[in-house]
Structures are given as C-alpha cells and as structure tokens.
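This report concerns only the one structure given below.
In the text below, chain A, chain B and the rest are named by the order of the sequence lines, each starting its count at 1. Side-chain atoms are counted along with the backbone in the values below, which use heavy atoms only and exclude waters and symmetry mates. This is a predicted model, so every value here is computed, not measured.
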There are 2 protein chains.
Amino acid sequence: MTLTYPPLDRDGAEPLWMQLMRALRAEIESGERGPDRPLPSEAELSDLFGVSRTVVREALRELVQQRLIYKVKGKGAFVAPRKTELRFVGSTSGSADDLRESGRRVTTQTIRQTLGEADEREAALLRIPQGEQVVRLRRLRRVDGQPWLLVETALPARLVPGLERVVLENQSLYDTLRRRYGIEPAAADRWIEAVFPSREDAALLEVSTSTPLLGIESVAWLEDNTRFEAYHALHRSDQTRFYVGIR
Amino acid sequence: MTLTYPPLDRDGAEPLWMQLMRALRAEIESGERGPDRPLPSEAELSDLFGVSRTVVREALRELVQQRLIYKVKGKGAFVAPRKTELRFVGSTSGSADDLRESGRRVTTQTIRQTLGEADEREAALLRIPQGEQVVRLRRLRRVDGQPWLLVETALPARLVPGLERVVLENQSLYDTLRRRYGIEPAAADRWIEAVFPSREDAALLEVSTSTPLLGIESVAWLEDNTRFEAYHALHRSDQTRFYVGIR
DNA sequence: GGTGCCGACTTGTCATTACAGGCCTGTAGT
DNA sequence: ACTACAGGCCTGTAATGACAAGTCGGCACC
C-alpha cells in the first residue's frame, strides 16, 4: 500500500526534482517509513509521479546528500537510520550550559562587538553579497577562570538588527538569538584543524604561540537553509577535551 | 591556451566522470588555474575529452560538492578560492569509504597486528578486566599517496577471535568486523585534541615533531552496550581539514 | 540436499536531444 | 551619448534510450 501523492506543479516555479525531493523527505521525516525500509524503486517513482528517471535520480541524489537515505547498487534506496547522526557536545552553542551543569563556573567576556561589512570569507560562508552588513562578536570564554575558548562570530545584520548594541555579558548568544530574533538553529557544518595561535590570540588564551590549539570554523543555518552564523574559534584542548558523541 | 589532456580510459575500470573529475582537480590543485578563474564551459570540456555533457556535469557536480569550484548560472564554473578539504563524516563507519566515494585513492597499510593483554587505558575504555586478551592494530592510511591518518585500534579478542591473523591490507576494518563477526556498531564517543606527534609517529606521517596534529580518541559499542573498539588516532590537518556535519 | 546458473529487478553510467532562463556584448535606433 | 534589444554564450532542467553491473530468488541439475 502506498500513499497517493499530490501531483507535481509543472509551472516551472520550482524544479520537479525539488518538489519530488520534498515530498519524499516529508514522508521520511514523518516516520511513515522506518529506518532501513526501502523506498519505491526509481522506475516506480518515475511512474507514480509521472516524471522521468532523470528527475527521480536528481531528487534521490539530494536526499542522499542530506543523509536521509542511502542507496545500494542492485538493491534500492533505503531510509537512513537516525543513529548515524552526530551531535556535538562542547560546541559554543550549549557548551556553557553543559559545563555549568557539571559544576563548573563558566564566564564569557565580550572583547569586541561591532557592525561592519562582510569580507570575502564571511560572504561566502553566509551566502550573502560581499559588503553586506554583519554584526561581529569576539568573545573569550573561561571555565573555572581558565581561558578556554576564543571565538569570533559574524551574523548578517539583516537577521539580527541591533545585536551590536545588546549587552551579552555572560549570556548565551544562542539564547539571545532565540529569544530576541526567534532564530532556531537547524544544522551546521564544522571544520576542525590543529593550529598555532597568533600572538594576540595566544595572549588572550594565556598560552604560548607554540601551543597547538584546535581551530574550528563553522557555519550554521535555519530550517529554510538561511545561513545565520559563521564563526571561527580557537580551543584550548590541553586541559579540556573536545567531545563528540555519535549516536 | 589549454593543456593537452591524456585520453580517458574507457575500459570501464573507473567511471568516466571520475577520471574527468580527477583530471580537473589535479589541474586546480596544482594551481594552474588561479582562484576565481573560469573552467572551460561544459560544452568545451565535452569536446575536449570526447564525452557527453552528462559526464562533464557529473564531474563538475562532484567538484562543487568538494568545494573546489563554484558555478554561476549563465556564466560558467570557477575555481573556488579555498584550500582543499577532505570530508570526514562523523559516523561510526570508517572514513575510507567516504573518501573513496569522492574519488580519492585511499590505501591502508597495516604496520602492526598483534595479540596482547589489555593495559589500564584499554581496559577502562573497553570495560574489560586489565590483562584480558585484545587484538591490536596499528595502521597508516594514505589519501592520494599522502600520509593522512595513523591509528591504533584495540579490540577484545573474545569478540573477534582470529582477527590477529586476518589480512586487512586495504580492507575496511568495519567491513571485516561486520562480515566476519557480525559486529554492527551502534554508537561511539570521540574526543578530539590538538597534539604533537612522537618522533616515531611523526616519521610515519612524514611531518616534523613540531607539527600540530589532531589527536582523536574513540570508543565504540554495540546495541547492547558492549564496547568492541577503542582507538586513538593522529590526523594530519595541515593540508586537509577535518569536517564534521551536524544535523 | 546441495550447487550452480539463469533471469528479473535494481542502481550506475553514458549519450543525445531539447528548451528555459541568466549573463553579456554588439548593434541599431533614439 | 545613451538605451533597447537581439543574439550568442552559459548553466539548469527534463525526457528518453541503452547498456553495465550488483542482488536475489527460483529452478534445473548433480
């Protein structure tokens, strides 16, 4: 038994593959198909929706990229089990709360908070035109008095008007984003590398310039794919380790 | 003036789009095309290499996904002004498959493979008594010939009898665990820090002892919470970055 | 009862064709 | 000098057809 699908809109407002992708995604996320259950074959989907296999494959490709399904040659396409998802504990979002819970004293000091124009890197990460207004935050987070994390954040000013004047001292940025601007982070990409700090960053973190640190670059977005935050952070990992849980 | 390209191999050993992708990537990474310089148009590439536009688009799609190029509708495809990055997907499965998928040549060399007694650290991570038999693997993974990852794995011998005699050369460890022992990873904890390598490890990874590396410690377990694997790994992140997707 | 092989079904790869729609430039008209 | 627009680029979308290659069940054979 399969569902009846609403017909796809052929007015060209949106590509057929995108509409099909959304229809399949809705079905998967609603839980109607359990993990590792097969999707209809490409030929079947092609018939069901009245589109070519090209469109079906384009839609499935997108779902594979989003890790909602996986494909096995010769067998079919299957719903990806949610357990392969990954959660970052110990990121800027929520890390303060986690640490506080474990009885540590977390303080966050705002070093700089300005309005400016997006440079090339920021524009690319946030997917906005170079020169568009962004709010920049430079903050130092301490755990039990020890410098732990130095983070520079850029947010499109359009999404967070007036943020450059909000007093964040010891407040969670994500709390502010949520309460003041209704921003709900949906997902993020992060890149991690081991780096040496600049002289200035080393001083703030109270380490020497030859101490290896974790450098983290990140871009986060909303449900509708709008990029709302780009940051790069330096992490002292000599006393506190960076934890990743995979479930 | 364009280069002359070696003809693509049509023996079906490798898909045409992958060969083309590699050829273009080599050109980009060698720096012959500067950032934001255009690639030949799809039609031109199609002629140059004697393949259909389908193949060209497949190759370009992969390069876009690897963030080596970006495309602008109506204009063309351009070299992305970024450093190369390797995708590490934070799933319980190994990274080798993901890398292979993106057309990198992944080779894994087993340096040591022995049966021994669990030391204190291993016993704690695996939750077994100290002194219980464990199989230890020390492996060096290369990506496109470059040393990339040095990993030391310990598994309780009870769960993987005879593993110390299985030839793993270029085989995925997780594949072997699955097929030979029916081991299905359910979840894992990982800790990441920035560290310097020992003299021996530095030599294997072909870096100096003052190169900061990513150190990763991990323990993985089955659905029933049995710990089956503990490892610690050293990652070169100077040329390639460590990627984590959060969904 | 086991084994091997065939055929049906699946996804992967590739070619070809067509048109829509964005980008840019040259040119004709003002 | 300026504008409007046509036409030639480009990528995006879509249909269709073909074959390769992996999976799996069933059937015939031993």
Assess whether a salt bridge exists between Glu62(B) and Arg22(B), defined as any Lys/Arg side-chain N lying under 4.0 Å from an Asp/Glu carboxylate O. no

Between Arg136(A) and Glu122(A), does any side-chain N to carboxylate O distance fall below 4.0 Å? yes

Assess whether a salt bridge exists between Glu42(A) and Lys71(A), defined as any Lys/Arg side-chain N lying under 4.0 Å from an Asp/Glu carboxylate O. yes

Quick one: closest heavy-atom pair of Leu159(A) and Arg227(A), and the distance? CD1-O, 3.9 Å

Between Arg141(B) and Thr108(B), do the side chains contain a donor N or O and an acceptor N or O under 3.5 Å apart? yes

Find the runs of at least 3 consecutive base pairs, i with j, i+1 with j-1 and so on, that include DNA chain D, using Watson-Crick or G-U wobble geometry with both distances under 3.5 Å. C:1-30 with D:1-30

Are there over 12 heavy-atom neighbours, none belonging to Arg37(B), within less than 6.0 Å of that residue's CZ? no

With sequence neighbours excluded, residues passing side-chain contact (heavy atoms from CB on, under 4.5 Å) with Lys75(A): Val72(A), Phe78(A)

Can Arg112(B) and Glu152(B) be counted as an ion pair, charged N to O under 4.0 angstrom? yes

If I take atom CD1 in residue Ile69(A) and atom C1' in nucleotide dT11(C), what distance separates them, rounded to the nearest angstrom? 11 Å

What is the per-nucleotide protein-contact pattern of nucleotides 8-15 of chain D, from the 5' end, where B denotes a base atom under 4.0 Å from a protein heavy atom, S denotes such proximity for sugar-phosphate atoms only, and - denotes neither? --BBBBSB

